[in-house]
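Position 1 is the first residue of the sequence; numbering continues from there. Treat the numbers as computed from the prediction; the structure is a model and nothing was measured.
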Amino acid sequence: MANSRKKNKTKAEKLHLSKVAALGCMACRIIGYEDTPAELHHIRSGVGMGQRNDNYHVIGLCAGHHRHNKNAIHQSKVNFERDFGTELELLEMVNNEL
């Protein structure tokens with residue numbers, strides 16, 4: 001599950017990441033906004049501190065929900081999960097959409 005931070009993505013990984021990004025921000029979808037441009041967030045569930053999951057354990061989040069807003073996942077995971085669900089729940093939404 002955990003990635004050793006390899007630099008070169010496979011063709012399949014690039015395709016998967018492209019499809020996830022094309023879905024847009026999953027948090028925005030929950031509150032009724034469609035087609036919000038997304039950054040890729042590697043979920044942290046199931047990995048140690050300072051590590052990230054592989055390129056198949058990603059969700060799309062807009063810059064606000066990813067990094068900038070007070071309830072962004074990198075600002076306050078507690079607030080983010082209260083408002084939008086856990087990373088694993090959002091990953092399941094992504095996988096169902098794909």
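Atom CD of residue Glu92 and atom CD1 of residue Ile59 lie 12.5 Å apart, to the nearest 0.5 angstrom. The structure places CG of Asn95 at 6.0 Å from NE2 of His16, a figure rounded to the nearest 0.5 Å. Between the CD1 atom of Ile73 and the NE2 atom of His66 there is a distance of 7.5 Å, given to the nearest 0.5 Å. In this structure, the separation between CD1 on Ile31 and SG on Cys25 is 7.5 Å, given to the nearest 0.5 Å. Note that the CD atom of Glu34 and the CG atom of Leu23 stand 10.5 Å from one another [nearest 0.5 Å]. The CG atom of Leu61 lies 12.0 Å from the NE2 atom of His68; values are rounded to the nearest 0.5 Å.
Aromatic ring centres of His57 and His42: separated by at least 6.0 Å. Checked against the 6.0 Å centroid threshold, His41 and His74 count as a close aromatic pair.
Applying the 6.0 Å contact sphere to NZ of Lys19 captures no more than 12 heavy atoms from other residues, nucleotides or ligands.
Following chains of ILVMFWY side-chain contacts shorter than 4.5 Å, one cannot reach Leu17 starting from Tyr56, and the two form parts of different hydrophobic clusters. In terms of hydrophobic clustering, with Ile, Leu, Val, Met, Phe, Trp and Tyr side chains grouped at heavy-atom distances under 4.5 Å, Leu15 and Val94 are assigned to different clusters. There is a path of hydrophobic side-chain contacts, each under 4.5 Å, that joins Leu88 to Leu98.
Scored by the salt bridge (Lys or Arg N to Asp or Glu O under 4.0 Å) test, Glu39 finds Arg67 as partners (sequence neighbours excluded). For the side chain to side chain donor-acceptor pair (under 3.5 Å) test, residues two or more places apart in sequence or in another chain that qualify with Asn71 are Asp83.
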What do the steps show when you test Val58 against Ile43 for side-chain contact (heavy atoms from CB on, under 4.5 Å), and what is the final call?
-> CA-CA 6 Å; Val58 295; Ile43 68 170; over 6 Å; no
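The two residues Cys28 and Cys62 have their closest heavy-atom pair at SG-SG, 3.8 Å.
Between Arg29 and Thr36 the shortest side-chain heavy-atom distance does not fall below 4.5 Å. A heavy-atom distance below 4.5 Å is not found between the side chains of Phe84 and Met26.
Looking only at distances, no side-chain donor or acceptor of Gln75 sits under 3.5 Å from a matching main-chain atom of Ala72. A donor-acceptor contact shorter than 3.5 Å links the side chain of Glu89 to the backbone of Thr86.
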